[in-house]
Each structure stands twice: as C-alpha cells, then as structure tokens.
Amino acid sequence: MSRYNAKETEEKWQKLWAEADCFAVHEDPSREKYYVLEMFPYPSGKIHMGHVRNYTIGDVVARYKRAKGFNVLHPMGWDAFGLPAENAAMERGVHPAQWTYENIATMRAQLKLMGLSLDWSREIATCHPGYYAQQQRLFVDMMQAGLVYRKESSVNWDPVDQTVLANEQVIDGKGWRSGAPIERRKLSQWFFRITAFSDELLAALDELERWPEKVRLMQRNWIGRSEGATIHFRIDGRPAGQDDRLTVFTTRPDTLFGASFCALAANHPLSAEIAEGNPAAAAFVAECNRLGTSEEVIETAEKQGFDTGLTVQHPFLPEVKLPVYIANFVLMEYGTGAIFGCPAHDQRDLDFARKYGLSVIPVVLPPEAEAATFEIADEAYTGEGRAFNSGFLDGLAVDEAKRAAIDKLAAQGDGEGTVQYRLRDWGISRQRYWGCPIPVIHCPACGPQPVPADQLPVTLPDDVTFDRPGNPLAHHPNWKKTTCPGCGGAAERDTDTMDTFVDSAWYFARFCSPRAAGPVDRAAVDYWLPVDQYIGGIEHAILHLLYARFFTRALAATGYLGVKEPFAGLFTQGMVCHETYRSADGRWLFPEEVEKAADGSARHADSQAPVAIGRAEKMSKSKRNVVDPEAIISTYGADTARWFMLSDSPPERDMEWTDAGVEGAWRFSQRLWRLVSDNLERLSAGATPLPGRLSPAAEELRRTVHKTVAACGEDLEQFRFNRAVARIYELANSLGAFKGLDAGDYWVLREGLDLLVRLVAPMMPHLAEELWQLLGHGDFLVYEPWPEADPALISDAQATLAVQVNGKKRATITLPVDAAEDEARAAALAEPSVQRAMDGKTARKVIVVRNRIVNVVV
RNA sequence: GCCCCUGUGGCGGAAUUGGUAGACGCGACAGACUCAAAAUCUGUUUCCCGCAAGGGAGUGCCUGUUCGAGUCAGGCCAGGGGCACCA
C-alpha cells in the first residue's frame with residue numbers, strides 16, 4: 001500500500017504552476033472576466049488560521065471560476081501601514097519599515113505554501129512609495145473636488161505619552177501604556193466628506209443583492225438616516241442676535257409639549273462659553289471629557305447633568321421656560337449637539353428627569369389607555385398613540401402630530417423639518433509616523449496648500465526615532481521644513497499621516513494595474529471592476545466596506561473609475577476558534593503544552609499538572625489558543641489544512657479547529673490517493689468504453705457520480721463548501737465500495753475517479769493535480785474545464801414518499817416519479833401500518849405532495 | 001445603553017426553503033487483519049421501553065398559525081459579536 005507524500009508533491013506542483021505562470025492574467029475583452037479578492041492581510045508577522053480560512057475560500061472560488069471558463073483576476077498584497085509596526089519600533093528598537101518588510105517576506109513564503117492560485121506579479125504593499133504616492137495624488141484630486149476639508153475634532157489624548165489614543169488603547173479611562181487618565185482634546189484635522197454621499201450610499205445598498213443582508217443592515221444603521229426637526233429655542237436674558245438661540249435636533253417634535261429640559265453636549269460651544277465663567281461647569285465638562293469618545297462608554301455611563309442656570313423659551317407655551325443642562329449622554333457628533341428632553345417618551349430623558357427632579361408630562365396616549373389615569377412610572381412610553389396634553393396637537397396620531405408640529409414651528413420661524421444622518425465625515429488625520437503622509441503644506445500666509453503634482457510623492461523620512469513621546473514626523477529636525485507652493489515663503493508640511501483605512505479603500509482598483517504611472521489605468525479598471533466576489537471577515541462589515549464604497553464614488557467623481565460600487569458580491573466568513581487552556585495559577589497555555597486524556601481531561605505536558613479546558617474562542621495571541629498554520633502544513637500538507645477549513649462548518653459561521661478534525665481530513669486525502677493508486681491496473685483495463693455492457697451496479701454508480709457532479713457545482717456556486725465536501729465523501733464511499741467485474745465496470749470506475757478528482761481540484765489542488773497525472777492525463781488539471789453532469793443520469797425513475805397519519809410518519813412507499821395523486825393515495829392507504837394507525841376510521845382528507853409525502857387525516 | 005447574530009445527537013453539522021429530522025465527518029463501541037501495536041477494512045451509534053416486531057419522546061423554553069413546523073408568527077431564556085483612532 002503506497003502512501004501519499006504531501007510535502008513533496010505540493011512543492012512539485014507549486015513549482016510547476018509557477019514555472020508555467022498558470023495564474024497570471026491580463027485584460028482580454030474577448031473573455032468574460034471574474035475578479036475574486038480576499039481582504040489583503042496586515043503583515044503582523046506570521047499568517048494565522050483566519051488567513052488560511054479566508055484565502056482557502058477565495059482560492060476555491062478562483063479555481064472554480066477559472067474552470068468555468070472565466071478570465072480570473074486573483075491578486076494578493078499587503079495592508080502594510082499601521083500602529084503595530086510603531087509599537088514594535090518602540091518596544092524592540094526595530095525600524096517600522098524593516099519590521100514590516102521582514103514580516104511581508106515571511107508571510108509571502110507562508111502563503112505560497114498554501115498553493116493559492118494567485119497572480120503574484122500584481123503584488124502591492126501600501127507602505128511602498130509606489131503605492132502611497134498614488135494615494136497622495138488621489139487626496140489632492142479629492143481636495144480639489146471639494147471632498148476634503150479641515151475642522152476641529154475630539155480625540156483621546158494621553159497627557160503623559162503626548163499622543164492620541166485609539167479607543168481600544170483607552171482602558172477604564174486610562175492610557176494603556178502610561179496609565180494616565182486620558183483627556184478629550186480638540187485637534188484640527190482633515191476629513192473626507194463621506195456625508196456628501198449619505199443618501200447614495202444608503203440607497204445603493206438595496207441593489208447590492210449579493211451582499212449578506214446582515215452587512216447591508218449594519219451599514220443602513222450606521223448611516224442612520226432619521227427624519228425629524230431642528231428647533232430653535234430662544235435663550236432667556238440674551239439680547240436678540242446670532243447667539244440668542246439654542247438649536248436642537250429631535251425625531252419626536254410631536255412630544256414638544258412634554259418637554260421639561262434641554263441638554264447640551266459637554267463640548268457644545270455654549271457649554272464651553274458657560275464653563276469659561278463658571279468653575280463648577282468647567283469641572284463638569286472636564287469630567288465628561290474623561291469618559292472617552294466611544295459610543296458604548298457614553299451610552300452606558302450613569303446619566304449626569306449640570307444645571308447651567310440658563311433657561312430657554314418653549315416655542316408653543318409662552319409661560320413655560322425650560323432649564324438648560326450640560327449632560328454626559330448628549331453627543332456633539334450627532335445632530336446639533338443639543339436636545340430637548342421629553343422624559344415621558346424617552347428612556348434616557350426619563351432617567352435624567354428622575355435623577356434631577358424634573359417634571360414628567362405624558363403627551364402620547366397609548367391606544368388602550370385613559371387620559372385621566374395614564375401615568376409614566378420607570379419606563380418611558382415610546383410606542384404609537386394619540387397626542388394629549390398638547391394643545392393644538394391633541395387627538396393626532398404620532399406621525400400626524402410630528403407634521404403639524406413642524407408646520408407650526410416653521411410658520412413661527414422657530415424650526416423646520418430636517419433629515420439627519422448618524423454618519424459623520426471621516427476624520428483621517430493620524431498623529432503617527434507609519435502611514436501615508438498627508439500631502440499638504442501649511443503656509444502662515446496662504447493657509448493649507450496641496451503639494452503640487454511635480455513634488456509628489458511626499459515620502460516618509462527613514463531617519464526617525466521612537467525614543468520620546470509624540471509623533472516622530474513632528475519631531476524630525478528638518479523633514480517638515482519646506483516652502484509654500486503659492487508664495488514661496490517658508491512653510492511646514494502637515495506632519496500627520498492618513499488613517500490606514502484610506503490605504504485599503506482603493507487597493508482593489510490598484511490591483512487592476514499595479515504598476516500604472518497614475519493611480520489607475522482606465523482601460524484596466526473598466527475591464528476588471530467591480531470586484532465580482534469579495535471575501536473577508538465580518539469585522540470589516542461597516543468601516544472598511546463603507547470607506548471603499550465612498551472611495552469608489554469619489555474616484556468616479558474625479559474621473560478615475562466608471563463604476564460606483566466596488567464589490568458586486570460580498571462573502572463574510574466566520575472566525576477560526578479553538579479551545580482555551582489554563583493552568584491552576586490562571587496562566588493561558590498553548591495547545592502544544594497540553595496533553596489530553598481519553599476521558600476528556602487535560603494535563604500539562606511537562607509538569608502533568610491538571611489543566612482547565614475553556615470553551616472554544618476566537619484564536620488569539622493573548623489567550624494562546626492558536627495553532628500555527630505553517631506547522632500544520634509541514635505535518636499534513638496544505639491540501640489537508642484547506643480541506644479541513646472547508647469541511648463541516650458552513651463558511652459564514654465560526655468554526656472550531658480540532659486535532660481530530662485535521663486528522664480526519666488528512667485520512668481522507670490518503671484515501672483518495674489509494675482510491676486511484678490501488679486501482680491503476682483495473683483502470684487501464686477500462687480505458688475503452690463498452691456501451692451496452694454495464695451491470696446494474698455500474699449504472700447505479702454512474703447515476704451517483706453524475707448527481708454528485710451536478711450538486712457539487714451548485715454547492716460551490718452558493719458557497720456551501722461543507723455540503724460539497726459531504727457529497728464528495730459520499731462519492732468516494734460509493735467508488736470505494738464498487739466491486740467492478742469486467743471492462744465495462746472498470747470504464748465506469750475510471751469515469752467516476754476522473755470526475756471525483758476534478759471536483760476535488762479547487763479544494764485540494766495539489767493532490768488533485770497529482771491524481772490527474774496518475775490517471776494518465778497529460779496537461780495541467782488547472783487548465784481543465786469544470787465537468788458537466790449528463791442530464792440523463794441525474795433524474796430518478798422512482799421516488800420514496802413518506803406516509804403520515806395525522807402528521808405522524810407511519811410508512812414509506814416507493815412509486816414511479818411523478819406518480820398520479822390517486823395512485824399515491826391508493827398505495828398509501830394499502831399499507832398495513834397505515835390501516836393500523838387509522839384504527840378503522842375513514843380518511844377525512846388525504847393530502848398528496850408529489851414525490852414527497854402523503855398525509856392521511858382521520 | 002443601542003444595533004445585530006446564533007441555539008438540532010457525545011461533538012462539527014445536514015435537512016430539496018413548510019413535507020421522511022440527524023446526510024457527511026469526528027468521537028465512541030464491537031469485529032476482521034496482526035505475535036502485538038499502528039494503519040486499514042466491516043458493522044453499530046438521538047434518547048426511552050422491548051429479545052424482537054413494534055411503540056413512545058425529540059431540533060433552547062412557552063404560546064400560536066397549519067393536514068403537517070427545525071423551518072413561519074408572538075413572547076421569553078442562554079451564548080456571542082459590533083458601536084467611528086486595532087486592522
């Protein structure tokens with residue numbers, strides 16, 4: 001019995017594919033194109049199992065589509081700018097560029113071990129000046145198109161490290177490295193005007209039919225269109241003028257009669273103005289600013305307010321004045337940064353009102369309630385109903401009351417109907433070194449100026465140090481010193497770099513013509529875009545995908561592209577999980593440190609101390625529940641790793657990596673090998689078909705083979721890889737169990753094995769290629785078209801129907817396919833077990849579903 | 001706090017989209033081969049009663065719609081994810 005040597009064979013075919021340049025493509029208008037793209041990796045050091053899953057799925061699609069005759073573009077590159085490179089520089093003294101390029105080299109070699117059908121000639125890295133130079137050109141063009149502007153915005157500021165922190169670097173309100181309480185600070189930053197496309201980005205979601213509904217919903221919520229009103233409250237005691245009004249946004253103008261206060265965000269201009277002359281207010285504002293900027297923190301913090309002493313005039317009730325608070329739950333980033341509170345019909349407002357003793361006036365009466373007795377206790381009423389206690393609105397339904405309130409406000413000049421979006425413009429300035437420099441020069445005389453085209457790219461200086469807090473670009477002795485392109489006077493470069501999401505917002509376009517002199521080659525993008533199938537993690541469902549959609553529109557607006565949506569199809573794969581292990585002292589253990597006993601318990605491999613097994617969680621370095629793909633590939637081969645990734649769990653769901661599962665996959669690869677290599681003699685005996693000499697068993701096998709071919713194709717089209725795998729197992733079982741007797745049978749066996757190998761090819765490409773050669777074929781299997789099932793062989797002559805009595809299964813009957821209803825009914829009623837279950841009663845009704853079921857109702 | 005997802009044997013999952021629940025794989029058990037082990041092959045494997053034939057229960061829980069519900073509706077319970085400077 002021979003053994004399949006995965007390592008040797010995989011090396012062999014990887015070399016042969018590379019030498020023949022099997023996967024390099026170019027534009028060919030005579031052929032239909034298919035662009036498959038997996039989210040490109042961040043070069044963190046080594047590939048992890050999440051990459052293996054992502055790129056396996058993408059490679060199956062690429063290989064399948066290639067076999068279906070498409071001209072397939074399948075590129076790979078590196079999302080190479082980012083914070084971890086700077087952390088490495090600070091911790092280990094290695095330059096971010098060196099760290100990044102070394103990681104890329106390692107990871108490229110690892111990806112090549114996977115046998116991915118990539119066009120490596122198109123490789124790009126976003127940290128390469130050849131890439132970011134083009135990005136700077138796009139920035140300048142977008143600036144000229146009015147899609148870039150500058151404004152003040154809040155950031156998390158670490159006063160010790162003198163740096164801006166990401167939300168994830170703020171832990172319990174303190175900097176992760178320094179431990180210092182963080183502050184909210186305002187910085188002048190660059191923004192992309194993504195809100196210019198709010199409506200378009202929202203509306204176009206309806207047409208992205210090959211996107212998961214879940215992702216579309218998340219984007220819809222993110223854009224967050226809401227209709228409502230802006231209301232201008234007159235501030236008491238201020239002379240008429242531009243600052244005498246407080247403008248709020250509300251989605252519930254119908255509840256205006258229930259208003260009992262107004263609240264400002266801590267960083268609202270009016271809050272700042274009050275804080276200036278009032279130390280208590282200033283302290284409260286500072287307290288709010290310590291909360292951080294994440295929505296979760298703000299929404300879950302205890303509601304707190306500061307009574308400013310100011311009051312505003314109710315627009316409909318001359319005798320009512322509302323107190324104005326500064327409140328920690330009002331976001332400056334949404335609406336106008338100020339609200340009016342109607343405690344009876346908003347839970348946050350209610351919590352706030354109870355805490356500060358404000359009145360709670362119900363103004364919407366639920367359908368079944370009585371106006372005289374309806375009260376609000378601990379829960380605000382947010383449902384439908386009719387207005388009451390509301391003057392001219394009384395009796396109107398919520399929607400009618402909203403409209404009437406807006407009309408009246410507009411007539412009085414106190415407000416208007418407006419549409420608000422939750423979506424905010426995209427702040428892209430980062431006070432970091434390892435990113436794309438923002439190509440702007442700040443001139444004391446002329447203001448900010450884009451860097452002229454002939455001075456691009458603005459490259460990062462190599463000679464930077466990370467030995468003191470702050471942004472190395474700002475510290476650099478002379479990098480920022482330059483002259484103004486307008487007046488020629490002394491000026492300074494912008495020392496901020498772009499958010500790394502900018503890099504990944506257009507890379508799919510760059511892949512179409514990775515070495516073009518400009519950002520894109522128009523003919524290339526016109527041919528290849530949009531990406532037909534994009535594949536990546538759900539964690540990018542909102543930001544990355546929304547930014548890429550925005551960029552595509554921005555590039556269409558600046559004349560670079562002819563499409564408005566980047567990704568026609570999207571697939572989001574689940575995470576790769578693994579059990580977690582902890583020793584008695586609470587330390588996390590790597591799987592290879594743990595020995596598992598037959599009873600399911602675990603011990604430390606060296607000390608034999610007992611180990612606690614935790615549930616499977618996403619593989620992560622911090623919990624040490626990681627398995628190194630390279631180790632798996634060197635033990636079992638890439639095909640085994642790929643096959644296991646595709647087996648069992650549906651690709652959109654989280655999967656658990658287990659040793660037993662990998663071994664099962666490995667056993668199957670060996671079994672396939674034997675199925676072919678052990679049958680070679682018989683196969684050569686079956687080289688010529690002998691029509692008319694097939695045994696019934698052989699006929700049956702052919703049906704199974706062709707049904708599997710048809711079903712597998714459908715499964716791959718629909719990303720149901722786990723089902724395709726199960727079908728392939730079944731087919732291998734049938735072929736293995738087939739005891740052929742003569743040449744005709746052997747011919748059927750040969751046909752079956754040929755087809756089996758071709759079905760397996762996208763998933764285990766090396767093994768398939770080797771078996772294809774073993775079966776006597778000359779050319780690469782990679783060039784072989786996808787097999788077609790014989791339609792005559794995939795339909796059955798007979799159908800098995802279940803027979804139910806009152807919905808309970810009592811028998812099955814076998815009938816010719818599409819048998820008449822009468823025939824099915826008669827056959828069902830003739831069954832003894834059915835008669836027994838009917839217990840002598842007559843059938844009141846018999847339901848017959850063709851080829852499926854007969855249900856007798858008594 | 002807001003938004004979203006998931007729940008089927010010991011485990012991963014399948015179920016023609018409202019029509020035979022548990023395909024396929026893993027694990028376990030039994031047998032064959034072997035001096036023995038590994039590998040391989042064959043069989044059994046949702047639970048309960050029964051020697052069997054057969055019967056009963058069963059898709060997180062409760063209610064409903066239907067001839068028929070894992071699938072649809074309403075209400076719960078449990079676990080997980082996202083929330084704008086991680087990528």
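Just so we're on the same page: letters track the sequence lines, and every chain starts at 1.
The side chain of A:Ala660 lies closest to B:C26, out of B:U40, B:A84, B:C26. Listed candidates were B:U20, B:A87, B:U40. Nearest to the side chain of A:Thr800 is B:U20. Of the listed nucleotides (B:A84, B:C85, B:C67), B:A84 has the atom at the smallest distance from the side chain of A:Leu423. When the nucleotides B:G19, B:C85, B:C86 are ranked by their closest atom to the side chain of A:Arg430, B:C85 comes out on top. In this structure, of B:U20, B:C4, B:C24, it is B:C4 that holds the atom nearest to the side chain of A:Leu217. Of the candidates B:C26, B:C3, B:G82, B:G82 carries the atom nearest the A:Ile542 side chain, counting heavy atoms from C-beta on.
Using a 4.0 Å heavy-atom cutoff across all strands shown, A:Arg727 reaches no nucleic acid atom at all. Among the protein residues, A:Pro650 comes within range of the sugar-phosphate backbone only, with heavy atoms under 4.0 Å from sugar or phosphate atoms but none that close to a base. A:Arg844 comes within 4.0 angstrom of no nucleic acid atom, judged by non-hydrogen atoms across all strands. A:Ser44 comes within contact range of no nucleotide atom at all, as no heavy-atom separation falls under 4.0 Å. Residue-level contact check: A:Ser429 touches the bases, meaning some heavy atom is under 4.0 Å from a base atom. A:Val849 comes within contact range of at least one nucleobase, with a heavy-atom separation under 4.0 Å. When heavy atoms are screened at a 4.0 angstrom cut-off, A:His544 is found touching no nucleic acid atom at all. Residue A:Arg422 is classed as a base contact, given a heavy-atom separation below 4.0 Å to a base. Contacts of A:Phe329 with the nucleic acid, taken as non-hydrogen atoms under 4.0 Å apart, are absent. A:Trp426 comes within 4.0 angstrom of nothing in the nucleic acid, heavy atoms only. A:Thr500 comes within 4.0 angstrom of the backbone, heavy atoms only, and of no base. As judged by a 4.0 angstrom heavy-atom cut-off over every strand, A:Lys809 is placed among the base-contacting residues.
The nucleotide B:A21 finds no pairing partner, because no Watson-Crick or G-U wobble arrangement with both distances shorter than 3.5 Å includes it. Pair check for B:C2 finds B:G82; Watson-Crick or G-U wobble, both atom distances under 3.5 Å. When both pairing distances are held under 3.5 Å, B:U34 makes no Watson-Crick or G-U pair with any nucleotide shown.
A donor-acceptor contact under 3.5 Å is formed by the side chain of A:Gln189 with the base of B:C85. For B:U6, the base has no donor-acceptor partner in the side chain of A:Arg653 [N/O atoms by modelled type, under 3.5 angstrom].
The number of heavy-atom neighbours closer than 6.0 Å to NZ of A:Lys151, taken from other residues, nucleotides and ligands shown, is above 12.
Where A:Lys214 and A:Tyr547 meet RNA chain B, the nucleotide closest to each residue was compared, and A:Lys214 sits on the side nearer the 5' end. Each of A:Asn722 and A:Glu617 was matched to the nucleotide of RNA chain B holding its nearest heavy atom; the match closer to the 5' end belongs to A:Asn722.
One finds a side-chain N or O of A:Arg667 lying less than 4.0 angstrom from the OP1 or OP2 phosphate oxygen of B:C26. At the phosphate of B:G25, OP1 or OP2 sits under 4.0 Å from a side-chain N or O atom of A:Asn733.
Side-chain rings of A:Phe329 and A:Phe352 approach one another, their centers coming within less than 6.0 Å. A:Phe644 and A:Trp666 have their aromatic ring centers separated by at least 6.0 angstrom. Ring centroids of A:Tyr132 and A:Phe81 are separated by less than 6.0 Å, placing the two rings close together. No close placement of the A:Tyr507 and A:Trp78 rings is indicated, their centers lying 6.0 Å or farther apart.
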Annotated protein contacts, base or backbone, on nucleotides 68-73 of chain B with a non-hydrogen cut-off under 4.0 Å, one of B, S, - each: S-----
Footprint string (nucleotides 48-57 of chain B, 5' to 3'): B base within contact, S backbone only, - free, heavy atoms under 4.0 Å: ------SSSS
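The salt bridge (Lys or Arg N to Asp or Glu O under 4.0 Å) check on A:Glu152 picks up nothing, with sequence neighbours excluded. In terms of the salt bridge (Lys or Arg N to Asp or Glu O under 4.0 Å) criterion, residue partners of A:Lys355 (sequence neighbours excluded) are, by chain and number, A:Glu302. A:Glu617 meets the side chain to side chain donor-acceptor pair (under 3.5 Å) test with A:Lys623; sequence neighbours excluded.
In summary, the side chains of A:Asn806 and A:Arg844 do not present any donor paired with an acceptor at a separation below 3.5 Å, with no hydrogens or angles considered. Between the side chains of A:Trp434 and A:Thr100, at least one donor-acceptor pair of N or O atoms lies under 3.5 Å.
For B:U17, the O4'-C1' to base torsion is within 90° of 0; the nucleotide is therefore syn. Annotated as syn: B:G9, whose glycosidic dihedral is within 90° of 0.
Computed from coordinates, the A:Asp654 CG to B:G82 P distance equals 11 Å when rounded to whole Å. Atom CH2 of A:Trp222 is separated from atom P of B:C4 by 15 Å (rounded to the nearest Å). Atom CH2 in A:Trp99 sits roughly 11 Å away from atom P in B:A87 (whole-Å rounding).
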May I have the list of side-chain donor-acceptor pairs in residues 850-858 of chain A shorter than 3.5 Å, sequence neighbours left out?
unit_1   : atom_1 : unit_2   : atom_2 : d
A:Arg850 : NH1    : A:Asp818 : OD1    : 3.0
A:Asn851 : OD1    : A:Asp818 : N      : 2.9
A:Asn851 : ND2    : A:Asp818 : OD1    : 2.9
A:Asn855 : OD1    : A:Gly807 : N      : 3.1

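Formation of a donor-acceptor pair under 3.5 Å by the A:Tyr4 side chain with backbone atoms of A:Leu672 is not found in this model.
With both ends at atom P, the span from B:C24 to B:U42 equals 13 Å, rounded to whole Å. With both ends at atom P, the span from B:G7 to B:U59 equals 14 Å, rounded to whole Å. Rounded to whole Å, the C1' atom of B:G31 lies 22 Å from the corresponding atom of B:G25.
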